[in-house]
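Nothing here was measured: the structure is a model prediction, and the numbers come from that model. Every chain is numbered from 1 and lettered A, B, ... according to where its sequence line falls, protein lines coming before strand lines. Heavy-atom basis, side chains included; hydrogens, waters and symmetry copies ignored.
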Protein chains: 2
Amino acid sequence: MPTRATELLRVVHARPGVTRADAARLIGVGTGATTELVGRLGQAELLAQGPTAPSGARGRPTTALIPHPRGPLIAAASITYEAWRVDVVELGGSVLATAGEELAGRGGDEVVAALGAAVRRLRQEYGDRIRGIGIAVPGTVSRDLMLDASNLGWHDVDLAAAWPRAEIFVAGNDATLAASAESRRGTAVGAAVALHLRIEAGLGGAVVDGGKVLIGALGAAGEFGHMPFGDPAVRCPCGAYGCWGAAVDGSALARLLGHEPPRDPITYARRVITSPQPGPAAAAATVATALGRGIAGLVNGLDADLVTLGGLGVDLLAAAPEQLMAAYRAGLMSFRRAAPPPVLPALLGDDGPIAGAAEEAWTALLARLA
Amino acid sequence: MPTRATELLRVVHARPGVTRADAARLIGVGTGATTELVGRLGQAELLAQGPTAPSGARGRPTTALIPHPRGPLIAAASITYEAWRVDVVELGGSVLATAGEELAGRGGDEVVAALGAAVRRLRQEYGDRIRGIGIAVPGTVSRDLMLDASNLGWHDVDLAAAWPRAEIFVAGNDATLAASAESRRGTAVGAAVALHLRIEAGLGGAVVDGGKVLIGALGAAGEFGHMPFGDPAVRCPCGAYGCWGAAVDGSALARLLGHEPPRDPITYARRVITSPQPGPAAAAATVATALGRGIAGLVNGLDADLVTLGGLGVDLLAAAPEQLMAAYRAGLMSFRRAAPPPVLPALLGDDGPIAGAAEEAWTALLARLA
DNA sequence: ACAATATGCTCCTGATCCGAGCAAAAGAAG
DNA sequence: CTTCTTTTGCTCGGATCAGGAGCATATTGT
């Protein structure tokens, strides 16, 4: 039940620094109710008012709504293949502090323990202002917060150990969370149905429908890499045949170039894609074609009006835009070809997953502050 | 902003005949508020109370909440390849009256005009109680209610002509609406993410996430038949290559059997699929395999926990269950194989689309009655 | 008949929100 | 500098809604 108070907080979170007059118009309340609302939320140490830059227009100047200096905070974390990081994020998305380090080959439980220690240090510094945590991970997260990251060789890693008994604890796949961030603060703001695809070691993604990320029945939605758009003769490590992901990632490039499967497929793939030599360029073009064809299939089926690419998808789009877009257009249903949904690089880049973790945790917190 | 009143109406719509005590517990209000609510909704001619069957338990007996005898109604319509139909549906989904006839080869505008005449007749009978209309059609509907049904040869048919200036007017693809109905009153009740697939002349479907049908940016989501799970050498009428739909419908069976493309692909396909002869049976098995493989891909990507099949999908599942399910299981990501989401026939059968039209129109009406 | 149990109604209270009217703070015009 | 215009903010009264305590009601069980 969204009350006016949560609506106002959501507006301020989405657009920190809105003027109170604009915010009131956005949620459709009069000036009387606004006074009461802002007063109440100020008392609750959720909102504060700050000065605005002079507008130059006539009329009494308004104030800007900003996060309260003693207001609640969220810890946003991400684990990538190379490092982990924790940010302290206030209402509106600003980062107040950060901590992190390289993975250095440590195991999942060790990394979660190190992350948990960092969260404890930050909680000592910020006290109970930190109300919860969101974590982005390169793998799948079950409902009971167990992480499975096969590309890291991690299985049954208990993420809850980072902060047992946290009031708010959300965790999710990095591509899923990056999609959330793109739809709120990135390229996909305003899209009705945004599709985000992210190629790193494998292909993941997510659909954001009307601002809500589809997380699936088990929290494992967005594994578009395991849709059979690829060559039915190629076996995927997941056990199925013809997986799209196996046609667009580093292993696909290695296969095309007759190389051994690379140990670090991301670095390998980036090197191949950006190589000026004809062999690698042709391989990149082939992979870009497979990417474009699959994107078209997803757009046909999901009726997205915008597609954003993250990770190696950005490099592929830059290296072989003609091939990618040609395959994309050719795969679209005819009625879509007049106005194909744009395929654009994601705005937030490598910060997408951690930004998404912050967004989802803040969304959960705002729902609780009802 | 769902108020208690709309919450109660939604509960009664979902479970007509609930006792008022159960309904109050479901929406979490005390008996005092319930009295006030039921009284208000009775005054507004939205709810009435009826007798309940004796429960046998102790305590004061409660009453059943039922639609008001002068309450609002919805006209639910469907157009299929053979006929059109209009039902008058009350709160809770019961059908009070129905009308319809065969298409008999008429064009889209003529059919919509006939449907509109039937709606006018029903409105004369029921007066302003009929507050809106929902229409299920075998094609795509744009935001401005223009219908495109290429399999019928209809283009730019103005559905709004069936009831211009209707207060509530929703229209959608038959497969999309059938998915909605399945998730509310069919096999998929309670599923977190339900995938419904419907094969008639082509393959369509929809995803229902947490009770909400994903309609896409243009209202054209669910065209899973145009995802490239099929043979890349086969050209689909949509202009793309390798469309899944072209691998599982009547045209695919005809191709496998060396027949000409059939004029009535649905009847043709049903005959082939149910044929006891080895040739047709083998073709059906091949098509069932392609269906199972694609379903697995969609389940992988969308993380559905239940799949329902409608139209010819039911026949395929009955004719070649082993092949379909084997391909399905083989295509699932390994972590899903321990507990594959069930693949079941849809409960509502041919009534799915019209039931879904009623559901969506009622949903819109309930939102307006806030 | 009486106890036990579940349900429904009345009345009171508090929270929320809206609108009217007035006050305040800026720019514009003389 | 004064006055007018424009926009915004505050106070106050009224309306709606929701929740709870206490009592009334209708059934089953002994």
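- The CZ atom of A:Arg25 sits 9 Å away from the C1' atom of D:dT8 (whole-angstrom rounding).
- A salt bridge links B:Asp22 to B:Arg25: at least one charged side-chain nitrogen sits closer than 4.0 Å to a carboxylate oxygen.
- Nucleic acid contact class of A:Thr19 (heavy atoms, under 4.0 Å, all strands): none.
- Within 6.0 Å of CG in A:Asp128 there are 12 or fewer heavy atoms belonging to other residues, nucleotides or ligands.
- As a whole-Å value, the separation of A:Leu26 CG from D:dT8 P is 13 Å.
- One can place CD1 of B:Ile27 at 14 Å from P of D:dC17, the figure rounded to the nearest angstrom.
- Between the CG atom of B:Leu41 and the P atom of D:dT16 there is a distance of 16 Å, given to the nearest Å.
- Between B:Arg121 and B:Glu125 there is no salt bridge, since no side-chain nitrogen of the basic residue lies less than 4.0 Å from a carboxylate oxygen of the acidic one.
- If you measure from atom CZ of B:Arg40 to atom P of D:dG19, you get 12 Å, rounded to the nearest angstrom.
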Side chain to side chain contact (heavy atoms under 4.5 Å, CB included) between A:Val12 and A:Val18, intermediate numbers included: CA-CA 6 Å; A:Val12 175; A:Val18 256; 4.2 Å; yes
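- Using a 4.0 Å cut-off between a side-chain N of Lys or Arg and a carboxylate O of Asp or Glu, B:Arg10 and B:Glu7 do not qualify as a salt bridge.
- Closest heavy-atom contact between A:Pro16 and A:Gly92: CG-O, 3.6 Å.
- Comparing D:dA18, D:dT6, D:dG9 against the side chain of A:Arg58 picks out D:dT6 as the nearest.
- For the 3.5 Å distance criterion, the side chains of B:Glu182 and B:Thr308 fail to qualify, holding no donor opposite an acceptor.
- Using modelled atom types, one finds a donor on one side chain and an acceptor on the other under 3.5 Å when comparing A:Ser180 with A:Glu360.
- Think of the region where chain A sits on DNA chain C: with heavy atoms and a 4.0 Å cut, that region ends 5' and 3' at C:dT16 to C:dA28.
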Show each protein N/O and nucleotides 10-15 of chain D N/O combination with a separation under 3.5 Å, one pair to a line.
unit_1	atom_1	unit_2	atom_2	d
D:dC10	OP2	A:Arg20	NH1	3.2
D:dC10	OP2	A:Arg20	NH2	2.8
D:dC10	OP2	A:Thr35	OG1	2.9
D:dC10	N4	A:Thr31	OG1	2.7

